[in-house]
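Below you'll find the structure, written out as structure tokens, and then a few comments.
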Amino acid sequence: SRPAPRPAARSTALPPGMPPEFAPRPAPARPAPVVRPVAEPISSAPQAPALVLPPEVVAACEKADWATLEGLAGACTCCSMAKSRQHVVFAEGGPGMRIALVGEAPGSEEDLPFVGKSGQLLTQMLESIGIERRRDIAIMNVLKCRPPGNRNPAPAEVACCATYLRRQLLLVRPDVLLIMGRFAMQTLLGLGPDASIGSQRGRVHDVTIGDFDTKAVVSYHPSYLLRAPDEKAKAWEDLTLFRRLIREAGIKLAPVHHTH
């Protein structure tokens, strides 16, 4: 019998226009799975109380300007993250910027959204389509505090923070919006917990926030791309689509002053 053919070598060519930093890199080796004891059944476990932002805080948020809203977020005690947080991470940039980005939650050492390795990658991604941070784009997260242990946020925690995010977006009123990460996508598009980035990326979404409408593109969070570098090609497709939205909105960007 003939020997089985060898699998074809994977092409290393980049799609036209893709910057080198988007080239897939080998994913880090995954540690062996840890076997843990089976948790107590949910039905017999005590139920956590529902988290509700006090009505007076909601009313204050609805009328707040940017500085007042930041103060309200900084004083928030709606959920247990108020006790574990180092500080509240409110935003980078603000009203007057025509482009906005919404991510998921702060990292362990962040006092601004998207710092560290994921922030460095985000900066490269934005600069590849002509966007300079702190000049062109308002950046904020759904959650204003880091979940302990970098765990996924509980739906009630997202609901509390969504009040602040809603007012942020109404104050910024961006012409175009980039949504990065599953929890940001589910929050802003009103989708259920099973909705995936893969099912929503690759097209333009209409997002309505109160009396305000904007166009949005969904993509992968930079921290996910660091863990799954093979997805960077899809992220570049999303950025290309977002760049088209920016041009269609008539937004003209000055040359980027590279920070790396």
- Heavy-atom side-chain proximity of L253 to I251 below 4.5 angstrom: yes

- Message: Please determine whether salt bridge (charged side-chain N to carboxylate O under 4.0 Å, His left out) holds for the pair R201 and E237, giving the CA-CA distance in whole Å, both sets of side-chain angles, and the decisive distance to 0.1 Å.
- Response: CA-CA 9 Å; R201 58 166 296 276; E237 293 173 359; 3.0 Å; yes

- Message: I need the R85 CZ to T77 OG1 distance, nearest 0.5 Å.
- Response: 8.0 Å

When you measure from the side chain of [X] to the backbone of [Y], do you find a donor-acceptor pair of N or O atoms at a distance under 3.5 Å?
X	Y	value
R133	G119	yes
H205	Q200	yes
R167	A64	yes
T214	P174	yes
D65	T68	yes
E104	R182	yes

- Task: Check the pair D211 / R173 against salt bridge (charged side-chain N to carboxylate O under 4.0 Å, His left out), numbers first and verdict last.
- Result: CA-CA 10 Å; D211 63 346; R173 304 182 84 83; 3.6 Å; yes

- When you take the SG atom of each Cys, C78 and C160, is the space between them under 2.5 Å? yes

- Message: Using the rule given for side chain to side chain contact (heavy atoms under 4.5 Å, CB included), can you reason through D206 versus D213, listing the C-alpha separation, both sets of side-chain angles and the distance that settles it, and then say yes or no?
- Response: CA-CA 7 Å; D206 293 310; D213 297 318; over 6 Å; no

- Message: I'd like to know if E231 pairs up with K234 as an ion pair, taking the criterion as any Lys NZ or Arg NE/NH1/NH2 lying under 4.0 Å from an Asp or Glu carboxylate oxygen.
- Response: yes

- Query: Salt bridge or not for R134 and E92, using N-O below 4.0 Å?
  - Reply: yes

- Message: R151 vs E157, test: salt bridge (charged side-chain N to carboxylate O under 4.0 Å, His left out). Steps then yes/no.
- Response: CA-CA 12 Å; R151 62 165 171 78; E157 293 168 343; 2.8 Å; yes

Using residues 93-100 as the side-chain source, report each donor-acceptor pair under 3.5 Å to any protein atom, sequence neighbours left out, with the distance given to one decimal.
{"from": "R98", "atom 1": "NE", "to": "D175", "atom 2": "OD2", "distance (Å)": "2.5"}
{"from": "R98", "atom 1": "NH2", "to": "D175", "atom 2": "OD2", "distance (Å)": "3.1"}
{"from": "R98", "atom 1": "NH2", "to": "A249", "atom 2": "O", "distance (Å)": "3.0"}

- Picking from I131, L177, L122, I179, what satisfies side-chain contact (heavy atoms from CB on, under 4.5 Å) with L101? L122

Acceptor/donor pairs from residues 183-191 side chains to any protein atom, 3.5 angstrom cut, sequence neighbours excluded:
{"from": "Q186", "atom 1": "NE2", "to": "G192", "atom 2": "O", "distance (Å)": "3.4"}
{"from": "Q186", "atom 1": "NE2", "to": "P193", "atom 2": "O", "distance (Å)": "3.2"}
{"from": "Q186", "atom 1": "NE2", "to": "A195", "atom 2": "O", "distance (Å)": "3.1"}
{"from": "T187", "atom 1": "OG1", "to": "F183", "atom 2": "O", "distance (Å)": "2.8"}

